[in-house]
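Heads up, the thing below is written out as structure tokens.
Numbers restart at 1 for each chain; the letters A, B, ... are given by sequence-line order, proteins then strands. Everything numeric in this text was worked out from a predicted model, so none of it was measured. What's counted below: heavy atoms across the whole structure, side chains too, no hydrogens, waters or symmetry copies.
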Amino acid sequence: MSISGYLISEPTMSSVRVRFAPSPTGFFHIGSARTALFNWLYARHTGGTFILRIEDTDQARNSEAYLKLIYDSLTWLGLDWDEGPNPNGVGERGNFGPYRQSQRAAIYHKYKQQLLANGRAYEKDGAVWFKLLGERYKVFDDHRKKEVEKVKTAPVVIADRIRGRVERQEDEDFVIFRSDGNPVFHFVNVVDDIEMKVSHIIRGEDHLSNTSKHVRLYEGIGVTPPVFAHIPLILKAPEMGQGKMSKRDKGALIEEYQQRHFLPEALVNYLALLGWNPGDDREKMPLAEIVQLFDLPAVNQSNAKFDGRKLAHMNMVYLLEQPAEKFMALASEYFAKQPNGAAIMANEAYFREIMLLAQPKIKSIDELGAYTVYFFTDDFPTDPKVKEKIMAKGDPKARLAELIAALPAMAFSTDAAIEAGIKALAEGMGLGFGDYQAVARLAVSGTNAGPSITSIFRVLGKERSLARLQRFMAG
RNA sequence: GCCCCUAUCGUCUAGCGGCUAGGACAGCGGCUUCUCAAGCCGUUAACCCGGGUUCGAUUCCCGGUGGGGGCACCA
């Protein structure tokens, strides 16, 4: 039963059981997130069950910190799981546990014994090998530069929900238990999927070549394989080089977006569109709509390159529509982490006013600090390029002097009043509002980007504005 | 080297035998305007190549080429 409420197409609980099976050996990256998402979407779309299984058999590389990162990242993305360890890491839920492979040794041992007993496995060099059925012959392997024993077998036919029919030859016995007594990935993966009654295996295309091994394992154990669905991989952005995206690439880690206060719903929306589409031009969609429309056959077969700019755009679109209260919460969360955040947020009304002025202008929350500095300190930076440009046009010093002379008598209560004041001054001089705007903005904010100059003046107040104009005039 | 997957603008993609090949991001131009964004309008830009099949191929088939992945006592 879903705990997130997306039970759309199936009135009753379906038999679909999917799993996301990460190993806690590294940072949680974009590719993992999308695999998790597609599994989650399929579970919610069908009213099935989404299982989180932790593949932590690699003691050397495992870490509790990475384990926590898996829970936190999935939770942040909103991908809740029905079975698996609890999100806080304490205890677990579901009737097919334990959900951490490190605790399932007895189960693997049992299956190993079964294969040994029915002749589908044998021991050699201290390891346990899975035995293929067929005529044996020896051949020299160019790649591994040694002689290997091959087996003439019937080809494995994989009916893939995304790829269609895929045929592959599996012609070599392979290890299922290492000589150190530990089972290998292929084996535990298959055993767990059998034990957990997984109905659909949705995973990256990098596993497609492994699938023939897995199918043979299912056959050897005497179980019908589940449905496979191999999703395309996420490749590096063109400027990042070639190949599939790795944790080393810029923008590859979920943690980064979390730290930059991206909206998880924007990231999820973007990720859903990487390899899937609703069949029409819709792009920005509420999650419920994606859940409703998502299906396996609609998933693309070719790899997709990651585009951080489109993600940023998606984030902006979501940011734009956030209600004021939500935006304030995000802004507060962000500033709380900044070194001078407490001081910045000290005056609540002042802080709020500035944040809401910035909301429609920024692409992501982490731009807020730089975008609003000059509201919180007189010691703000000035963009030299912008300064050069503005000072080169017309006679900005003269305009500034006129503005300084006029300001004391100007009404400062509202944007409209300030606008009227500056316009009156401009008209008197036979000039336009724009002749004063640029230099005033530069003097008061150090840049050419920001809210309207009237809003800046009003929020800063007459005294502070005037002081900055004078300081700039002097400097 | 062997095996598998794949191929439409720079990028994400729509297309499922006949279309002026559509949308989005990015780019460019304009409108708006006090700047910067946003918004609106416009615009540059694609069917990898060669054979078939067909009255007709971006679409179906085959072969190349390009891209990706896999070939362990890693996961």
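- Heavy-atom distances to RNA chain B give each of W276(A) and P451(A) a nearest nucleotide, and the one nearer the 5′ end belongs to W276(A).
- The residue S452(A) sits close to a base: some heavy atom pair falls under 4.0 Å.
- H186(A) comes within 4.0 angstrom of a nucleotide base, judged by non-hydrogen atoms across all strands.
- Counting non-hydrogen atoms under 4.0 angstrom, T25(A) reaches nothing in the nucleic acid.
- At least one donor-acceptor pair closer than 3.5 Å links the side chain of K397(A) to the backbone N or O of M473(A).
- For F38(A) and H200(A), the ring centers are positioned 6.0 Å apart or more.
- For the pair I231(A)/W276(A), no side-chain contact is recorded, criterion being any heavy-atom separation below 4.5 Å from C-beta on.
- Here, A14(B) and G66(B) have their P atoms 25 Å apart, quoted to the whole Å.
- Within 4.0 Å (heavy atoms only), R163(A) reaches sugar-phosphate atoms of the nucleic acid but no base atom.
- Between Y374(A) and F380(A), the ring planes are perpendicular. Angles over 60° get that label, and only those under 30° would be called parallel.
- Backbone-only engagement by Q242(A) is indicated by non-hydrogen atom pairs under 4.0 Å involving sugar-phosphate atoms exclusively.
- Comparing the C1' positions of U54(B) and G70(B) gives an interatomic distance of 38 Å, to the nearest angstrom.
- N182(A) comes within 4.0 angstrom of nothing in the nucleic acid, heavy atoms only.
- For W40(A) and F20(A), the gap between ring centers reaches or exceeds 6.0 Å.
- Partner assigned to C48(B) is G64(B), using Watson-Crick or G-U wobble distances below 3.5 angstrom.
- For the ring-ring contact (aromatic ring centres under 6.0 Å, His included) test with F174(A), the passing option among W129(A), F130(A), Y122(A) is F130(A); the others fail.
- Backbone-only engagement by L273(A) is indicated by non-hydrogen atom pairs under 4.0 Å involving sugar-phosphate atoms exclusively.
- Panel note: side chain N39(A), backbone T35(A); a donor-acceptor pair is recorded below 3.5 Å.
- Taking atom P on both nucleotides, U59(B) is separated from C48(B) by 8 Å, rounded to a whole Å.
- Taking atom C1' in both G39(B) and U65(B), the straight-line distance is 45 Å, to the nearest Å.
- Within 4.0 Å (heavy atoms only), F187(A) reaches no atom of the nucleic acid at all.
- Comparing D280(A) and F433(A) by the nucleotide of RNA chain B whose heavy atom lies nearest to each, the residue mapping closer to the 5' end is D280(A).
- Bounding nucleotides for the chain A contact on RNA chain B, 5' to 3', at a heavy-atom distance below 4.0 Å, are G1(B) to A75(B).
- One side chain, T211(A) or R203(A), offers a donor N or O that lies under 3.5 Å from an acceptor on the other.
- Here G432(A) lies out of heavy-atom contact (under 4.0 Å) with every strand.
- Remark: E205(A), D206(A), H207(A), L208(A), S209(A), N210(A) in residues 205-220 of chain A come within less than 4.0 Å of RNA chain B through at least one heavy atom.
- Base contact: A127(A) has a heavy atom under 4.0 Å from a base atom.
- Contacts of N277(A) with the nucleic acid, taken as non-hydrogen atoms under 4.0 Å apart, involve only primed sugar atoms and P, OP1 or OP2.
- Counting non-hydrogen atoms under 4.0 angstrom, Q169(A) reaches nothing in the nucleic acid.
- Nucleotides G42(B) and U32(B), compared at atom C1', are 15 Å apart to the nearest Å.
- Other residues, nucleotides and ligands contribute only 12 or fewer heavy atoms inside 6.0 Å of the CZ atom of R248(A).
- Between S445(A) and T447(A), the side chains place no donor N or O within less than 3.5 Å of an acceptor N or O (distance only, hydrogens not considered).
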For this session: I would like to know whether E219(A) and R120(A) meet salt bridge (Lys or Arg N to Asp or Glu O under 4.0 Å); could you show each step before the answer?
Result: CA-CA 10 Å; E219(A) 291 168 355; R120(A) 290 310 306 274; over 6 Å; no
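- More than 12 heavy atoms of other residues, nucleotides or ligands lie within 6.0 Å of NZ in K236(A), so this atom counts as buried by the packing criterion.
- At the heavy-atom level, P232(A) lies nowhere under 4.0 Å from the strands shown.
- Across A45(B) and G10(B), the matching C1' atoms stand 9 Å from one another, rounded to whole Å.
- Across all strands shown, U53(B) remains unpaired; no Watson-Crick or G-U wobble contact has both distances below 3.5 Å.
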For this session: Apply side chain to side chain donor-acceptor pair (under 3.5 Å) to the pair N300(A) and S302(A), showing each step before the final yes or no.
Result: CA-CA 6 Å; N300(A) 287 118; S302(A) 57; 5.4 Å; no
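- With hydrogens and angles left out, the side-chain atoms of D56(A) and S102(A) include a donor and acceptor closer than 3.5 Å.
- Pairing for C71(B) is with G1(B), a Watson-Crick or G-U wobble pair whose two hydrogen-bonding atom distances lie under 3.5 Å.
- With both pairing distances under 3.5 Å, G42(B) is matched to C28(B) as a Watson-Crick or G-U wobble pair.
- The separation of U58(B) from U8(B), taken at their P atoms, amounts to 15 Å, rounded to a whole angstrom.
- Using a 4.0 Å heavy-atom criterion, one finds that S179(A) contacts the bases of the nucleic acid, with or without backbone contacts as well.
- Rounded to the nearest Å, the gap between the C1' atom of C28(B) and that of U20(B) is 23 Å.
- Contact check of residues 308-316 of chain A against RNA chain B (heavy atom, cut-off under 4.0 Å) returns R309(A), K310(A), H313(A), M316(A).
- Pairing of U35(B), defined by two Watson-Crick or G-U wobble distances under 3.5 Å, is not identified with any nucleotide.
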